[in-house]
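Order of the sequence lines fixes the chain letters, A, B, ..., with proteins taken first and strands second; residue numbering starts at 1 for each chain. All of these numbers come straight from a predicted model, not from anything done at the bench.
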Amino acid sequence: MSEIVIEAKELTKQYKKQKAVDSVSFQIRKGMICGLVGPNGAGKTTIMKMLGGLVLPTGGSFSLFGGSTEEALCHARSRMSFMIETPYAKEEMSARENLEKLRLQKGIPNPKRVDEVLELVGLADTGKKQVRKFSLGMRQRLGLAGAMLSKPEIMVLDEPVNGLDPEGIIEIREMLRRFNEEENITILISSHILAELSQLCTDYMFIRKGTIRAFSSAEELHKICGEYYHIHTDNDSVALAVLQNKLGIENCDVLKDGSLRLFERLDELPLISKTLYENGLVPVTLHIHEADLESYYMKLVGDDNAEYSESDAAADKA
Amino acid sequence: MLNILKAMLRQTKRDKLLLIGLFYFLLMAGEMLVQNGADWNTHGSTVSGIIANTLLIMTTVVVGAFTSRICGCDLRDKTANYEILFGKHRSAVYFGRFFAALIVTVSVIAAVVLIPVLFLTAKNGWGAAIPVQTAWAIFGLLIVMIFRCVCFFTALTFLCGNDIVPLSVALIGTMCVALCVFLLGAADIHLSWQTTFSDIMTLLDFSNTTSGYADGKDYLIYKVALSGKTALRMLCTSLGFGLFWLFGGFALFRKKDIP
């Protein structure tokens, strides 16, 4: 298992009348792209600000790269980059001038690094154009350029695709995937739209009203929310063996009640029915379960009246 | 902290608002010099008194404005947040800006004072309006008071989180204290205020003059009411309160959530 790079234990932020973050605990390992998903006001930005040192916790603790003292956290942050809320930019300066100032502030000795990151995010041709004339997508890319300036090991990004058009979202997503795959950068990314992250993240944390409601890997989420066949026969254990041996199906699992979930060959229902029948099995239930990311998300974090209990979590995971 | 200091000094050189303010300040200082009788034949000691009277009100305004702009501009648009996110200690963020403000304000005031004084001294000699040692002592005390002023406005700027409020305090505060001093003085009430604003006004008050006669000429002589005791009090007050504001402001900033 890869090393833990960010760990929070009972992390809490209490304002005068409100608990913005309530005893949150989580671990993020090296190489993960972890999505922090929740509605507006759930506490995502507050958690990120605490990790970044802008907001001081009122309870609990957290560590970055294993260190939790002030000195260790400052040193750890020099190995990370953050893009929280509005990306950094002085409106009256160009992209290059903004990054040059950042480079000096960060103490990066190589002036050519500015050209490298401008090239990386596709802003090399902006010349002396002032940031005030940039589109939202260009500003987000400039923010990412600033985040990449110091070759971080971890990136903490707060809704980086907020307000972008679909093309812009795809661009940013591909860029982040490249950073993760080519440079092995760990990414903690927040959003209130699960669909935006569903094609990027390896793991998810669902947050609502300051508390973590669920953790899921991408694989688990896909199983819970993705499209599948739900099959129940008069002898499910035999049905499983038949599907595996006769049709070579591997991607399926068994629910607690013994029924089966099939995640592959979803366009071959007639063949599956026929195979089961030919092997003396009577399908009792055979229906397709539509991909329902939204319902899962709403159940976890969206509805004030629906309490998401541990049994709900277990049922979803089962 | 050194990186932040370098970045701030670089940014200050490119800050159009500060450059316009500097230009206007230099223009006003030059205009006041001419209006108060300075010309190419004025002695260095005489012009030093004229400059002091010019800086009476303007010093706190200029120092407050420059300090609030240097410290507050990056707080307002949140670029200072990124220094903390980069892993800089809050102390580096705070003191880096403080030192940048101190360097810039001392340089500006020193330029306004020293350029005409040194130029005219080289051309016409020092003169007899004020002893050289007294002039240097007053200049030295002025630097210490600028330090106190920068400490105060640094603390205020970091607590407010922007440059607008401290700038307003610099303008309005100076005018209010000046007005109070004037009104109370008119009523023959003299108080020992020992505020940043009033100490500078006391130090640079060269309005009391007399005349002397030597070598067949009349000379202007400044009656500077600066005793050794007063100078020591000003020095201790400036350093003491300056350090109080500086470290008090940092202690609060250290525990503050940054929006």
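Neither the backbone nor the side chain of L51(A) comes within less than 4.5 Å of any heavy atom of chain B. Interface remark: K256(B) contributes backbone atoms only to the contact with chain A (heavy atom separation under 4.5 Å).
Judged by the 6.0 Å distance and 45° axis criteria, R77(A) is not positioned over the aromatic ring of F82(A).
Chain B forms more heavy-atom pairs under 4.5 Å with one residue of R79(A), K49(A), E71(A), H75(A) than with any other, namely E71(A). With chain B as the partner, the residue from I84(A), L73(A), L104(A) showing the most heavy-atom pairs under 4.5 Å is L104(A).
With ring centers used as reference points, F98(B) lies 6.0 Å or more from F153(B).
Taking 4.0 Å as the cut-off between side-chain N and carboxylate O, R139(A) and E91(A) count as a salt-bridged pair.
In this structure a side-chain-to-backbone donor-acceptor pair under 3.5 Å is missing from R96(A) to L118(A).
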